[in-house]
Amino acid sequence: MAVIKVQKGTKDILPSEMPVWHFMEAKANEVFSKYGAKEIRTPIFEATELFARGVGDTTDIVNKEMYTFEKSERSLTLRPENTAGVVRSFIENGMHRLSAPVKLWYKGPMFRYERPQAGRQRQFHQVGVEVFGIKQPAADAEVILMAVNYLKALGLNDLAVELNSLGCPECREVFKTKLKEVIKPYLNDLCPDCQARYEKNPLRLLDCKVEECKAIYAKPEIQAIIQSDFICEECAEHFNELKKYLDALNINYSINKLLVRGLDYYNRTVFEIKSNNLGSQNAVCGGGRYDSLVKNLGGEDTPAIGFAMGMERLASLIGEKEDKKLDAFIVCNNPLEAVKLTEELRLQGINCEFDLTNKKFVKQLEKASKVAKFALILGEDEIAAGKVTIKNLETSEQKTIERANNFFTYLK
RNA sequence: GCGCCUGUCGUCAAGUGGUUAAGACCUCGGAUUGUGGUUCCGAUAUGCAUGGGUUCGAAUCCCAUCAGGCGCCCCA
């Protein structure tokens with residue numbers, strides 16, 4: 001019989017890995033709650049159109065990476081990211097009428113049909129935050145702060161925050177035009193990808209990793225455009241304000257003029273947080289402002305900003321976490337007494353097990369020493385006397401107490 | 001979609017053409033009929049991803065397929 005295996009690019013998260021995941025999830029709730037954010041869970045599939053209109057149909061994510069299927073003549077898609085879904089819910093539930101800001105956080109699986117590699121899977125998990133209703137740069141600062149403090153709470157240092165401003169649609173258009181103008185003479189020397197980008201999404205040109213292209217973009221007249229502060233006065237003001245906040249909050253960051261996020265909905269602030277310990281896929285967090293998305297998806301004109309983090313990447317930076325041992329393992333050769341005592345202890349809030357196969361005493365004790373902090377010995381003598389012997393498996397100390405006791409204080 | 005690398009027990013592996021495919025961990029059983037985890041003994045791959053081919057002989061060489069890893073692209 002052929003064995004059925006996990007699908008390419010997907011992974012089981014095994015019991016041994018769960019401590020790390022519980023840790024990430026608990027910290028997310030803890031940290032984001034401090035900022036007044038509430039958790040939201042949206043469906044794993046949505047109308048395909050949501051992503052086409054939301055994420056943008058010039059992006060790779062929408063063009064070639066979506067899991068799309070038909071059902072009852074509807075086109076549905078497994079979510080490749082969660083911002084579009086959260087925005088859809090925000091609109092559908094009239095959240096623009098809530099007192100701004102509306103701060104939402106989420107965690108869950110996302111799906112992209114890509115070639116898997118280190119730090120990249122087809123089903124992966126993101127944890128993220130979206131803040132709606134505030135156009136002031138204070139919101140940008142707070143969102144970045146939430147990301148940084150969450151990473152800190154996970155014990156991750158050595159992370160670099162990169163920042164850029166894409167400007168608003170108007171000034172971006174001006175920039176695109178100028179950029180295309182100055183690059184035009186070299187168009188034929190660019191790599192095929194770049195030639196396509198030139199038309200589709202000129203900002204992405206700057207991301208190219210091909211040496212020949214990089215050399216072209218390094219030319220003085222092109223650098224002059226790239227490094228120029230092309231953004232309009234209002235956008236520049238917004239960006240400067242943000243930087244003031246970050247400085248005041250002692251958040252280290254660097255300006256990366258080449259930072260262009262791959263999703264179409266971003267405007268003004270974009271940021272990324274990178275690690276040097278991840279190999280090729282080194283971004284743990286990406287985010288930015290998306291002031292026109294809510295309106296584009298049919299909602300009230302509502303500014304918004306958010307970020308998402310890849311939880312598998314976080315997990316690999318956090319490393320292994322020890323699994324907790326059971327509080328107690330019951331050593332007893334009378335199965336009826338064993339199951340009764342075990343249930344009594346569970347009602348007292350103690351995690352415990354007994355030997356379902358009723359093996360020999362020594363075997364049970366051996367098992368106890370592997371899986372539990374304490375062995376509770378309930379032998380013929382103890383049963384007759386209404387007592388239980390508690391053995392600390394690390395120190396080997398043991399004492400016999402009345403069975404009527406609450407064991408919680410002895411075992412925790 | 002493209003390039004490079006890799007597939008030997010549940011896990012980590014040795015083996016690079018010549019008899020029964022090392023070893024370690026895990027698991028299970030025993031030494032040990034109420035005192036364990038650091039001791040000792042034992043059990044566990046008729047098979048080396050799958051299918052062909054070369055050869056007297058293949059885990060080992062060749063081809064194909066499949067799977068995985070890494071890199072490009074893109075992103076978390």
Side-chain angles (χ1 to χ4, degrees), chain A residues 2-11 14 16 24 55 58-65 79-83 107-128 147 151 191-194 196-197 201 204 207-211 213 259-263 271-275 278-287 306-317 325 329 331-334 357 359-383 389-398 400:
Chain A
V3 178
I4 298 170
K5 298 199 273 191
V6 275
Q7 292 304 290
K8 194 186 184 80
T10 67
K11 279 202 167 75
L14 298 169
S16 62
M24 290 190 289
V55 178
T58 68
T59 63
D60 281 0
I61 291 180
V62 169
N63 276 325
K64 41 186 200 196
E65 297 175 3
R79 63 185 186 192
E81 54 97 61
N82 212 162
T83 298
K107 61 169 197 284
M110 309 296 159
F111 306 85
R112 292 183 199 173
Y113 189 80
E114 292 181 273
R115 192 73 186 265
Q117 62 179 260
R120 195 172 74 190
Q121 294 169 209
R122 289 180 173 179
Q123 176 177 172
F124 62 101
H125 296 75
Q126 288 189 325
V127 55
L151 294 168
C191 70
D193 282 336
C194 277
R197 291 189 190 108
N201 196 346
R204 300 219 62 88
D207 270 346
C208 190
K209 309 277 191 306
V210 177
E211 289 304 323
C213 298
L259 180 62
V260 181
R261 311 235 74 248
L263 286 62
F271 64 98
E272 208 164 85
I273 303 179
K274 290 180 182 171
S275 164
L278 274 178
S280 172
Q281 310 301 321
N282 62 356
V284 291
C285 173
F307 66 78
M309 300 193 189
M311 296 182 79
E312 281 79 2
R313 292 181 191 177
L314 292 177
S316 79
L317 289 175
K325 281 191 166 181
F329 191 89
V331 176
C332 176
N333 284 111
N334 181 330
T357 57
K359 282 200 236 318
K360 281 187 282 188
F361 183 89
V362 177
K363 286 291 169 191
Q364 291 195 23
L365 197 57
E366 190 181 328
K367 170 92 171 173
S369 71
K370 280 180 195 159
V371 302
K373 290 181 275 195
F374 291 89
L376 298 198
I377 300 167
L378 183 65
E380 293 307 320
D381 303 348
E382 283 89 351
I383 293 170
T389 297
I390 300 181
K391 183 182 180 85
N392 183 321
L393 291 164
E394 271 173 32
T395 64
S396 294
E397 287 173 276
Q398 67 178 55
T400 303

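So you know, we letter chains A, B, ... as the sequences are listed, proteins then strands, and number each from 1.
Counting any heavy atom pair closer than 4.0 Å across all strands shown, A:Gly286 reaches sugar-phosphate atoms only and no base atom. In this structure, A:Gly119 reaches the bases: a heavy-atom distance under 4.0 Å links it to at least one base atom across the strands shown.
Nucleotide B:rU60 is matched to nothing when pairs are restricted to Watson-Crick or G-U wobble geometry with both distances under 3.5 angstrom. Across all strands shown, B:rU6 is found opposite B:rA67 as a Watson-Crick or G-U wobble partner, with both distances under 3.5 Å. With a cut-off of 3.5 Å on both Watson-Crick or G-U wobble distances, the partner of B:rC75 is given as none. B:rG47: no Watson-Crick or G-U partner with both key distances under 3.5 Å is found in any strand. Under the Watson-Crick or G-U wobble criterion, with both distances below 3.5 Å, B:rU19 has no partner in any strand shown. Pairing partner, B:rU11: B:rA24, with both Watson-Crick or wobble hydrogen-bond distances short of 3.5 Å.
Going from the C1' atom of B:rA49 to that of B:rG57 covers 23 Å, rounded to whole Å. Taking atom C1' on both nucleotides, B:rA45 is separated from B:rA64 by 26 Å, rounded to a whole Å. Taking the C1' atom of each, B:rC9 and B:rG23 are spaced 13 Å apart, rounded to whole Å. Comparing the same atom, P, in B:rU27 and in B:rU11 gives a spacing of 15 Å after rounding to whole Å. Here the separation of B:rU44 from B:rU39, taken at their C1' atoms, is 22 Å to the nearest Å. Comparing the same atom, C1', in B:rG30 and in B:rG53 gives a spacing of 49 Å after rounding to whole Å. Separation of the C1' atoms belonging to B:rC48 and B:rA13 is 13 Å when rounded to the nearest angstrom.
When rounded to the nearest whole Å, the span between CD1 of A:Ile61 and P of B:rC73 equals 16 Å. Atom pair A:Glu394:CD and B:rU38:P shows a separation of 14 Å (rounding to whole Å applied). Between the NZ atom of A:Lys11 and the C1' atom of B:rA76 there is a distance of 14 Å, given to the nearest Å. For A:Asn82 and B:rA76, the CG to P distance is 12 Å, given to the nearest whole Å. Rounding to whole angstrom units, CD of residue A:Glu65 and C1' of B:rC73 are separated by 9 Å. Remark: C1' of B:rC4 and CD of A:Gln117 are 13 Å apart, rounded to the nearest angstrom. Here B:rA67 presents its P atom at 10 Å from CZ of A:Arg122, a figure rounded to the nearest Å. Atom CD of A:Glu114 is separated from atom P of B:rC72 by 13 Å (rounded to the nearest Å).
Along RNA chain B, the nucleotide nearest A:Lys359 and the nucleotide nearest A:Val6 are compared for position; the residue whose nucleotide lies closer to the 5' end is A:Lys359. Closest-nucleotide positions on RNA chain B for A:Ala308 and A:Lys8 were compared, and the one nearer the 5' end corresponds to A:Lys8.
Checking each of A:Gln7, A:Glu65, A:Lys8, A:Arg112 against A:Arg122 for a side-chain contact (heavy atoms from CB on, under 4.5 Å) leaves exactly one that passes, namely A:Lys8.
A:Gln123 is linked by a side chain to side chain donor-acceptor pair (under 3.5 Å) to nothing, counting only residues two or more places apart in sequence or in another chain.
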